[in-house]
Amino acid sequence: MKKPAARKERRATKTVDWRPAFLKSMKKLGNVTRACTAAKIGRSTAYDMYEGDADFARDWDEALEEATDLLELEARRRAEKGVRTPIYQGGLLVGHKQMYSDGLMQVLLKANRPQKYKEFSAVDHTTLGREMVGSQIYLPDNGRDASMTARAMPESELPALVAARAAEQF
């Protein structure tokens, strides 16, 4: 019978605080994987610390906000000042053109003035505290089915109509 192999003793290693390198990279890049690489740790180590240390979680969130601010500055710069783009003809560089980003401009306007520029799609289902009685549902004409032609119908009839349509399909 063989003896079990003796366990190796673990050497005491100096613990390096990886958090400053991680946070510095998060501020610059805003990417967890890249920040973990910079700090020489695994993603699970970072997430475990985030969940277990409120101070670290606050610092992480702040670093991510700073990274987002930098992205916003770059987006604004590209929208306002543009980027110099090379122009090639026949495989040769013949000049440059300043290109501006209308898409970035739209995103910035929607983010900073949503009341004016954001595309809203809202439906008001409030009744101002009153009970809704006898509401009507408008069914648009789908052009295929006489039972679904444009008309208003009481809300109470809708479940029966849906059930009938489902039964017809089987």
Side-chain angles (χ1 to χ4, degrees), residues 15-132 135-145 148-153 155 158-159 162 165:
T15 304
V16 176
D17 187 10
W18 51 266
R19 292 175 294 190
F22 177 87
L23 293 171
K24 180 180 179 183
S25 183
M26 273 296 272
K27 285 179 186 180
K28 184 178 179 185
L29 304 171
N31 182 280
V32 176
T33 300
R34 296 282 298 272
C36 288
T37 301
K40 298 178 182 162
I41 60 165
R43 287 171 43 91
S44 60
T45 301
Y47 281 110
D48 289 346
M49 181 65 75
Y50 183 88
E51 291 173 8
D53 185 339
D55 290 336
F56 178 70
R58 184 192 67 245
D59 293 343
W60 175 325
D61 293 340
E62 270 182 40
L64 198 51
E65 280 296 314
E66 286 185 37
T68 304
D69 287 345
L70 291 174
L71 276 178
E72 188 175 348
L73 281 173
E74 178 62 13
R76 181 174 294 280
R77 187 195 67 74
R78 288 180 184 209
E80 292 175 354
K81 297 182 179 175
V83 291
R84 193 168 174 219
T85 306
I87 299 172
Y88 292 94
Q89 187 173 11
L92 299 173
L93 179 65
V94 294
H96 289 83
K97 181 178 181 181
Q98 198 70 10
M99 300 291 290
Y100 301 89
S101 177
D102 292 340
L104 285 172
M105 187 71 74
Q106 289 173 349
V107 168
L108 289 168
L109 287 169
K110 287 177 183 181
N112 292 300
R113 294 243 170 96
Q115 67 280 5
K116 189 171 184 179
Y117 296 104
K118 195 164 188 177
E119 297 162 14
F120 286 101
S121 166
V123 178
D124 184 9
H125 291 287
T126 64
T127 60
L128 301 174
R130 297 186 300 267
E131 181 179 347
M132 287 180 62
S135 60
Q136 299 284 311
I137 295 177
Y138 179 75
L139 298 175
D141 185 357
N142 67 3
R144 296 181 302 238
D145 187 334
M148 297 298 284
T149 56
R151 68 177 190 272
M153 67 183 303
E155 186 177 21
L158 187 60
V162 170
R165 296 287 295 144

(Q) For Trp18 and Phe56, take the angle between the two ring planes, folded into 0 to 90°, and tell me which bin it lands in: parallel under 30, tilted 30 to 60, perpendicular over 60. (A)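 Ring orientation of Trp18 relative to Phe56: perpendicular.
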Q: Could you label the plane-to-plane angle of the Trp60 and Tyr50 rings as parallel, tilted or perpendicular, counting under 30° as parallel and over 60° as perpendicular?
A: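 Perpendicular: the ring planes of Trp60 and Tyr50 meet at over 60°.
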To the nearest 0.5 Å, what is the distance between [atom1] ([X]) and [atom2] ([Y])?
{"X": "Arg19", "Y": "Asp55", "atom1": "CZ", "atom2": "CG", "answer": "9.0 Å"}
{"X": "Tyr88", "Y": "Leu93", "atom1": "OH", "atom2": "CG", "answer": "5.0 Å"}
{"X": "His96", "Y": "Ile87", "atom1": "NE2", "atom2": "CD1", "answer": "8.5 Å"}
{"X": "Asp59", "Y": "Leu64", "atom1": "CG", "atom2": "CG", "answer": "12.5 Å"}

(Q) Under the criterion side chain to side chain contact (heavy atoms under 4.5 Å, CB included), I'd like the reasoning laid out for Arg113 against Gln115: C-alpha separation, chi angles, the key distance, then a yes or no. (A) CA-CA 6 Å; Arg113 294 243 170 96; Gln115 67 280 5; 4.0 Å; yes
Q | Lys28 backbone acceptor or donor facing Glu66 side chain under 3.5 Å | A |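 No, because the side chain of Glu66 does not come within donor-acceptor range (under 3.5 Å) of the backbone of Lys28.
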(Q) Please check this pair: side chain of Asn112 against backbone of Leu108, looking for a donor-acceptor N/O pair closer than 3.5 Å. (A)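 The answer is yes, because a donor-acceptor pair under 3.5 Å joins these two groups.
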Q) Is it true that atom CD of Gln98 has more than 12 heavy atoms of other residues, nucleotides or ligands lying nearer than 6.0 Å? A)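 Atom CD in Gln98 is packed in, count exceeds 12.
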Q: Assess the side chains of Ser25 and Arg34: does a donor N or O sit below 3.5 Å from an acceptor N or O?
A: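 On atom types as modelled, these side chains do not qualify, holding no pair under 3.5 Å.
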(Q) Evaluate Tyr47 against Val32 for side chain to side chain contact (heavy atoms under 4.5 Å, CB included), listing each step before the verdict. (A) CA-CA 9 Å; Tyr47 281 110; Val32 176; 3.6 Å; yes
